[in-house]
Amino acid sequence: MGVAIGRFLEKPYLSICLLFLITSVSISSYVYSVLKPKDNSISEYYLSENADYFVGDIPADDTGRIDFQKMHKVYWLSTSGWINDEEFKRITDSEYIWLRSKAFSELQNEELHFLLEHAGLNIEIYNEFGDSIFKYGEFSDPKYLPNIFQSKFSWVKIPKGKSEYYYLRLFHKKSILFSITIIENLIGKQTALYREIALKNLTTIFFHSFFMMIGIICALVYFIEFKKQYNILLDFSAFSLCFGLLGLTSNEFIRYLFTNTQTLYVLTIISSNFVFIPMLSGVRRLFGSGSLRILDFLIYIDVVICSITTILVFSLPFTDVSHSFLISTRSFFILFNVFNILGPIFITYEAWKKGNKEAFGHFIGFSITLFLVILEIFLAIKYNDTSPSGIVFWGVLFGVISQGFALERTLFADRQKALLYKEDLLKAEKTLKESQLKTLQTKMNPHYLFNSLNTIHALHKIKPELIGDAIMSLANNYRFISDRTDRDWIPFEEEWNFLEDYLHLQKLRFYDTIQIDFKKSGDFSSVVLPPLLLQPIIENSFKHGFRGSSEVQFQLFIHAKMIKDSVFSFVVYDNGTGIPDDLISDKQKLMSRSLGNIKERLRNLYSEFQFEITKNYPEGTRTEIEIILTSKVQITS
């Protein structure tokens, strides 16, 4: 039962169910918001859209009232459709603008409101009888006007009296852009209207928050795995963040709730201007720059133009030059956004023709994007809405989705390559380990045999009764070398018995001139080690420490112990000649000696270990190994 539960938890079933639940609820919520029964207390109403306008101020009569009946005879221009640059500049160059809009005719007994967003102007609304039904700000001094970055929200109550038109008097700073609109173009009871606006924006807010989180997570992954240089991941992160920010900061309900609308406006401008750059960079990494290096030039042009545009927009409240330039270049920026989509279409088509199958999906995605951008431009011209976010919004959506799928496929492919590379690397490491061990055996066999035979020959003259023990120890050692060293791991006790036989021969060789303290402490019953890991450390004392030493009595201390349950410690120190100071300071040179192979073997076999060679005081060399046995590296064959 427990095994079955463990296997179930190892599978991603719970996460899949959770994602399915969230997706189902999100889709159901959106479908319900579209198909739900209409709230009869809420109606659509357009105030400034498709209204008529009059440039200049309308004088009041001697009583201070304005006779709007006479204004029916005045020629009013229509805001419907595309307003050319000269007329648009004439509108913004006049401090006073009047709008005439059809009055809301479906009046009921309830108090009806609409939520008005306005920026960069003061406003007063009249009915056609000259009665003021709403007023914001004063009309005397332009110094106290809010700037275009400061969106204001006002609840406007609809009067119950019959009126064919509403007249809007707009006062703004000369040569400065301004905006005015009804949120969601809805009118109704204030509580119901607030709820409806929130519901209409809930899905959009969730959607763009999702992309922001994707961008943040991708950025974190990139910086955590910085050494792997997932540059396309960073492109996608910047792209998703820009898209998420664009949707959130330009959202009417978010602006209504957020007190610092200037910050939102700044973020909207930056994200809308620069959103195409990481998208183009990602396409370039996937499919190259294309013939004539089209994407390279397009990215550089984007950086320059978007930087200039951002500076100009931010300088709008302070200079007339920015205002005039932005008006006169509206058409250019619309076409420029189209070229930002045409570039990837050309590159992906070219890559697809050259045999890149993944490019076809991108070609289709960007073609759909182009269609949506053109559709958005058409709607913008028809309704005279040329804000950058309106043009960019639909266009970047398919770019995010297509680049996201491409990123997933690219990272998956890279991960598969990395796994194959890791397997090859582990095989190579195992081969290297085996090669090093064979080399160690090859070096040990003749050297060790030569010294052992010399020892036996010397015993023949001084203590012939010890020859039998020496031959038995030598036989045990060579049996161990031939039978055990072809294994990856052996029990600690077998390695320890080998060391015991090896030291017995060394004692016979050095006779009464050496004292060996050879001991172990702890439970080693479950400990396994690679063969011949410890012997070279002891041999190092005989080979380098005692050779040429002036000591009459050599001392060698060898201690193996278990610290807790999974930490193996092995310490060897002697009173030999010690290590020269130049070797102690030069670790690379020190490890190039025989013990360097031991550290390399440890690095291939364990992820957590310590290996130190230091001077032993007052004299000699000290070598310490500490291994976390649970950090054993799994090497597949």
Side-chain angles (χ1 to χ4, degrees), residues 29-53 76-83 98-119 123-128 133-134 136 151-168 170 178-205 207 247 250-257 372 375-387 389-391 393-394:
S29 174
Y30 178 75
V31 172
Y32 173 76
S33 67
V34 174
L35 302 179
K36 69 177 182 178
K38 184 179 180 181
D39 188 347
N40 294 326
S41 66
I42 296 175
S43 302
E44 285 191 345
Y45 176 65
Y46 296 88
L47 184 71
S48 58
E49 295 84 350
N50 299 324
D52 300 326
Y53 72 93
W76 293 78
L77 298 170
S78 176
T79 61
S80 178
W82 181 261
I83 299 175
W98 281 86
L99 293 179
R100 183 180 68 180
S101 181
K102 283 285 187 180
F104 185 71
S105 58
E106 302 174 16
L107 289 175
Q108 301 175 4
N109 294 326
E110 296 90 348
E111 289 186 351
L112 300 181
H113 295 78
F114 58 82
L115 182 57
L116 187 68
E117 181 182 11
H118 45 97
I123 179 174
E124 189 166 12
I125 304 177
Y126 300 87
N127 61 19
E128 64 181 27
I133 60 176
F134 171 77
Y136 177 87
S151 289
K152 305 294 181 180
F153 292 85
S154 303
W155 287 98
V156 180
K157 182 180 177 182
I158 301 297
K160 295 182 180 180
K162 294 292 183 180
S163 181
E164 184 180 358
Y165 292 100
Y166 296 136
Y167 293 88
L168 286 71
L170 312 180
F178 60 90
S179 67
I180 177 172
T181 184
I182 292 180
I183 301 300
E184 297 293 343
N185 293 312
L186 293 176
I187 191 169
K189 290 191 294 184
Q190 191 169 346
T191 305
L193 191 62
Y194 186 90
R195 182 177 63 250
E196 185 68 16
I197 292 172
L199 287 174
K200 276 183 171 290
N201 287 276
L202 185 62
T203 303
T204 304
I205 292 171
F207 180 75
S250 61
N251 184 271
E252 298 168 324
F253 190 63
I254 293 291
R255 290 202 303 268
Y256 174 73
L257 296 175
L372 292 174
L375 177 63
E376 190 70 17
I377 292 172
F378 170 76
L379 295 175
I381 292 174
K382 182 177 180 181
Y383 297 108
N384 195 31
D385 177 14
T386 57
S387 61
S389 61
I391 296 171
F393 181 83
W394 289 104

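Between Trp98 and Tyr167, the ring planes lie perpendicular to each other; the angle is over 60°, past the 30° to 60° tilted range. Using cut-offs of 30° and 60° on the angle between ring planes, the pair Trp155 and Tyr194 is tilted.
For the atom pair OH (Tyr136) and CG (Leu170), the distance works out to 14.0 Å, reported to the nearest 0.5 Å. Between the OG atom in Ser43 and the CD1 atom in Ile158 there is a gap of 11.0 Å [rounded to 0.5 Å]. Between atom NZ of residue Lys162 and atom CG of residue Asn127 there is a gap of 13.0 Å, rounded to the nearest 0.5 Å. Rounded to the nearest 0.5 Å, atoms CG (Leu112) and CZ (Phe104) are 6.0 Å apart. Note that CZ of Phe253 and CD1 of Ile197 are 7.5 Å apart. Values are rounded to the nearest 0.5 Å.
Contact between Ile133 and Pro159 at its shortest, heavy atoms only, is CG2-CG, 3.5 Å. For the residue pair Lys102 and Tyr165, the shortest heavy atom distance occurs at NZ-OH, 3.8 Å. Taking each heavy atom of Ser101 and Tyr45 in turn, the nearest pair found is OG-OH, 3.9 Å. Between Ser78 and Asp52, the shortest heavy-atom distance links the atoms CA-OD1, 3.8 Å. Ile42 approaches Glu196 most closely through the heavy-atom pair CD1-CB, 3.5 Å.
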Subject >> Residue pair Leu47, Val156: steps toward the side-chain contact (heavy atoms from CB on, under 4.5 Å) verdict >> reply: CA-CA 12 Å; Leu47 184 71; Val156 180; over 6 Å; no
**OP:** Could you walk me through whether Tyr53 and Arg100 pass the side-chain contact (heavy atoms from CB on, under 4.5 Å) test, one step at a time?
**Re:** CA-CA 6 Å; Tyr53 72 93; Arg100 183 180 68 180; over 6 Å; no
Subject >> Test side-chain contact (heavy atoms from CB on, under 4.5 Å) applied to Glu184 and Leu193, step by step >> reply: CA-CA 10 Å; Glu184 297 293 343; Leu193 191 62; over 6 Å; no
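When side chains are defined from C-beta on, Lys200 counts as touching Leu186, because their heavy atoms get closer than 4.5 Å. With a 4.5 Å cut-off on side-chain heavy atoms, Glu124 and Phe134 do not count as touching. Counting heavy atoms from C-beta outward, Arg255 and Phe153 have side chains that approach closer than 4.5 Å. Using a 4.5 Å heavy-atom threshold, the side chains of Ile180 and Leu168 count as touching. Residues Ile183 and Tyr256 form no side-chain contact, since every pair of their non-hydrogen atoms from C-beta on lies 4.5 Å or further apart. The side-chain heavy atoms of Ile205 and Asn251, taken from C-beta on, include a pair separated by under 4.5 Å. For the pair Glu44 and Asn185, the minimum side-chain heavy-atom distance is 4.5 Å or more.
Here the side chain of Glu128 pairs a donor or acceptor atom with the backbone of Glu164 at under 3.5 angstrom.
Lys157 pairs by the salt bridge (Lys or Arg N to Asp or Glu O under 4.0 Å) definition with Glu111, not counting sequence neighbours.
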